[in-house]
**Student:** 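Please see the structure below; I have some questions.
Chain letters run A, B, ... following the sequence lines, proteins first and then strands; every chain starts at 1. Because only heavy atoms are used, hydrogens play no part in the values below, and waters and symmetry mates are left out as well, while side chains stay in.
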2 protein chains.
Amino acid sequence: MAKVTIRDVADRAGVSTATVSRALSGAKRVSAAVEDQVRRAVQELGYSGNGIASALRRSRTDTVGMIVPSIVNPFFTSLVESVEHALQDEGRQLFLCSSRSDPQLEEQRLRSLVARQVDGIVISPVHGTGSTAAISWAAGELPLVQVDRYVTGVDSDWVGVDDDEALRLVVGHLSGRGVRTAAFISSRLTSSSTELRVAGFQSHTARLGIAVAPGALLLGEYSIDWGRTAMQRLLAAGPLPDAVVCADDLIALGVLQACSTAGVAVPEDVLVTGFDDIPFAALSDPPLTTVRQPQAAIATEAVRLLSQAFREPPHEPARLALAPSLVVRASTGG
Amino acid sequence: MAKVTIRDVADRAGVSTATVSRALSGAKRVSAAVEDQVRRAVQELGYSGNGIASALRRSRTDTVGMIVPSIVNPFFTSLVESVEHALQDEGRQLFLCSSRSDPQLEEQRLRSLVARQVDGIVISPVHGTGSTAAISWAAGELPLVQVDRYVTGVDSDWVGVDDDEALRLVVGHLSGRGVRTAAFISSRLTSSSTELRVAGFQSHTARLGIAVAPGALLLGEYSIDWGRTAMQRLLAAGPLPDAVVCADDLIALGVLQACSTAGVAVPEDVLVTGFDDIPFAALSDPPLTTVRQPQAAIATEAVRLLSQAFREPPHEPARLALAPSLVVRASTGG
DNA sequence: ATGAAAGCGCTAACAC
DNA sequence: GTGTTAGCGCTTTCAT
């Protein structure tokens, strides 16, 4: 277990360390005989290379850092998986961090990733304004692309979903189902997507003449628990709206559970919609009508933008709002 | 954006690089005046340190690698989150990788983590035998602890759940509900936990006189899709067993969905159980009876064992099988 | 308390 | 095609 270095391999193979390095990197041409000796020496000694030394010398780590607000939210894990996949095609590794929806932790993660010399960062910011300083700084240090959510005033690429279009789809669908009053349950944290979804909900309900009672805008967090709690409040508050629109599927699942517990029938007594189309949205009782995010495309684009930044000089920040689609299930009448 | 190094800070502060290093590391004593100058210089230059260089010199990265078979399985993400939490208390970062249930990818990840000089590795092996070689090798290079699943014949710690006890609980519960015939849906991959769960299912059903028809042992993978498919096969095959026991919650959720689609009532026509108690197990239709894993404890113990390995000389490998508990919900009659 | 100097293990010029 | 050499940026003796 004593560390075996490139020096040991070189000695054993009777060549210089430079030759070993060349033989192993594959790129440079080395005579077949020497290459063989080197391979043998590597084998015999159990050499496995020191990526840290290599990274220091080359000043690149072939690693990309990713920071998401939650690692237990299936939407983000799907996104992470897609990003990892896309990265693999270019021989880079993903270094995943969770900010646990905490701007301070997020800043810590950013500093840590920069210190570790990752080649670039993919981040879904926690907070619309609280994340700005740290992200601005990081974006000045290395290529950075925001996904899903973004903070404004930062000179960086962003790729996500068209939230306004998403709420147009949802509210339009509900209107078609005869909905006249609606409530919206979302997160308190002012992230860009949260704000855009709230704004979209308000403008499209207004446009279609759907009434939103005061107190029918409930802000908490993106979690099953909050969905349950918020729905209990709505139930306690008095006459139910025709529909409850949720800013993500976790909230919506909590809402469904609260309804079930309270003996309120969905969709008979109230319609419910989610956002993201996580795998479990199809399995709830009843299955959830929701907005499907093009997460694979978001991931692919994010990685593409990053790779571009690795190669080319800084460009105009790109902002890609990809089109969502509506998945209609039983929670709005099927 | 030009890299500012410790040299620049030293020049600016009018001291040596050694002093800057000492001032920044905090540990060594440096006069207050100098410490102040250094801080100012750091501030003014926007110095942020090079963790790679530091790691090379200190030959430690304060980073732990973790490899799980799937990053979209909520059981593993919970585990990951707990591990990350536990690690944070000792100032270490988590470097997360997914092996996507592929032994080859797993080996690649292991090599990559070792090359990156992580201080230790937490891994849930993909395969009972196919993972052995790579894990043995890695365990020879650095401290390594297996979680949830394990490969035998590797000299490393393991911490997970007592699978036999878990199946004793499940089968005992079903027996109490009057079940006389049962089927088991699991993963094809021969991981330790898979094997122990199958074995436990067989021994406890035998002990309690519950019949298991030939063909009532369905092996696929840990996914919703496989659960759905397997259940469709059971439905097509003829008379249903009294109960369907699943090796994890994803499979069970797929089973519930297939039942719902086919108009088979749970628990009236058939009882269904899962394993893990992921958050969505409580939200399905009907809510799922399942085995709760002590995942927070598993994570804490894993990190404790790792830290111990960092400090102390090699010990007898520990094997900690923690006690599971049964969560009874409506899918077995509530 | 501070500085000088020696590397950590590797790769990239530059010679030959 | 291969060796020699000079660091990458940092930490850590060893002096002073």
Side-chain angles (χ1 to χ4, degrees), chain A residues 1-39 41-42 45-63 111-112 114-119 141-142, chain B residues 1-39 41-42 45-63 111-112 114-119 141-142:
Chain A
M1 199 160 164
K3 281 293 132 214
V4 21
T5 73
I6 202 172
R7 173 86 259 153
D8 304 320
V9 176
D11 290 349
R12 179 95 172 205
V15 296
S16 74
T17 60
T19 301
V20 174
S21 176
R22 283 190 278 252
L24 293 177
S25 75
K28 306 302 183 87
R29 304 158 359 163
V30 172
S31 77
V34 167
E35 173 153 2
D36 229 56
Q37 276 162 199
V38 169
R39 286 209 189 297
V42 165
L45 297 172
Y47 172 72
S48 79
N50 184 327
I52 294 293
S54 167
L56 177 59
R57 181 59 235 244
R58 304 194 308 142
S59 55
R60 54 179 285 185
T61 53
D62 291 324
T63 297
R111 294 202 174 285
S112 167
V114 170
R116 268 168 223 287
Q117 311 283 109
V118 296
D119 297 338
E141 299 284 318
L142 38 59
Chain B
M1 199 164 163
K3 282 291 134 219
V4 20
T5 73
I6 201 172
R7 172 87 259 152
D8 303 321
V9 176
D11 290 350
R12 178 95 173 205
V15 297
S16 73
T17 60
T19 301
V20 174
S21 176
R22 283 190 277 254
L24 260 31
S25 75
K28 306 302 182 85
R29 306 164 350 173
V30 172
S31 76
V34 168
E35 173 152 2
D36 229 55
Q37 276 164 195
V38 170
R39 285 207 189 299
V42 165
L45 296 173
Y47 172 72
S48 79
N50 184 327
I52 294 292
S54 166
L56 176 59
R57 180 58 232 240
R58 303 193 309 142
S59 54
R60 53 179 288 185
T61 53
D62 293 323
T63 297
R111 294 202 174 284
S112 168
V114 171
R116 269 168 222 287
Q117 312 282 108
V118 297
D119 297 338
E141 299 284 319
L142 38 59

**Student:** Is any side-chain heavy atom of A:T63 less than 4.5 Å from a side-chain heavy atom of B:R116?
**Tutor:** yes
**Student:** Is a salt bridge present between A:K3 and B:E141, judged by a nitrogen-to-oxygen distance below 4.0 Å?
**Tutor:** yes
**Student:** Taking the side chain as everything from C-beta on, heavy atoms only, tell me whether B:D119 gets closer than 4.5 Å to B:D62.
**Tutor:** yes
**Student:** Rounded to whole Å, how long is the line connecting atom CZ of A:R60 with atom C1' of C:dC10?
**Tutor:** 15 Å
**Student:** Tell me: CZ of B:R116 to P of C:dG9, nearest whole Å?
**Tutor:** 18 Å
**Student:** Nucleotide by nucleotide, 5' to 3', does protein get under 4.0 Å of the base (B), only the sugar-phosphate (S), or neither (-) in nucleotides 6-13 of chain D, counting heavy atoms?
**Tutor:** BBBBBBBB
**Student:** Within the 4.5 Å heavy-atom criterion, are A:T5 and A:N50 side-chain neighbours or not?
**Tutor:** no
**Student:** Please give me the minimum heavy-atom distance between B:L56 and A:I52, naming the atom from each residue.
**Tutor:** N-CG2, 3.6 Å
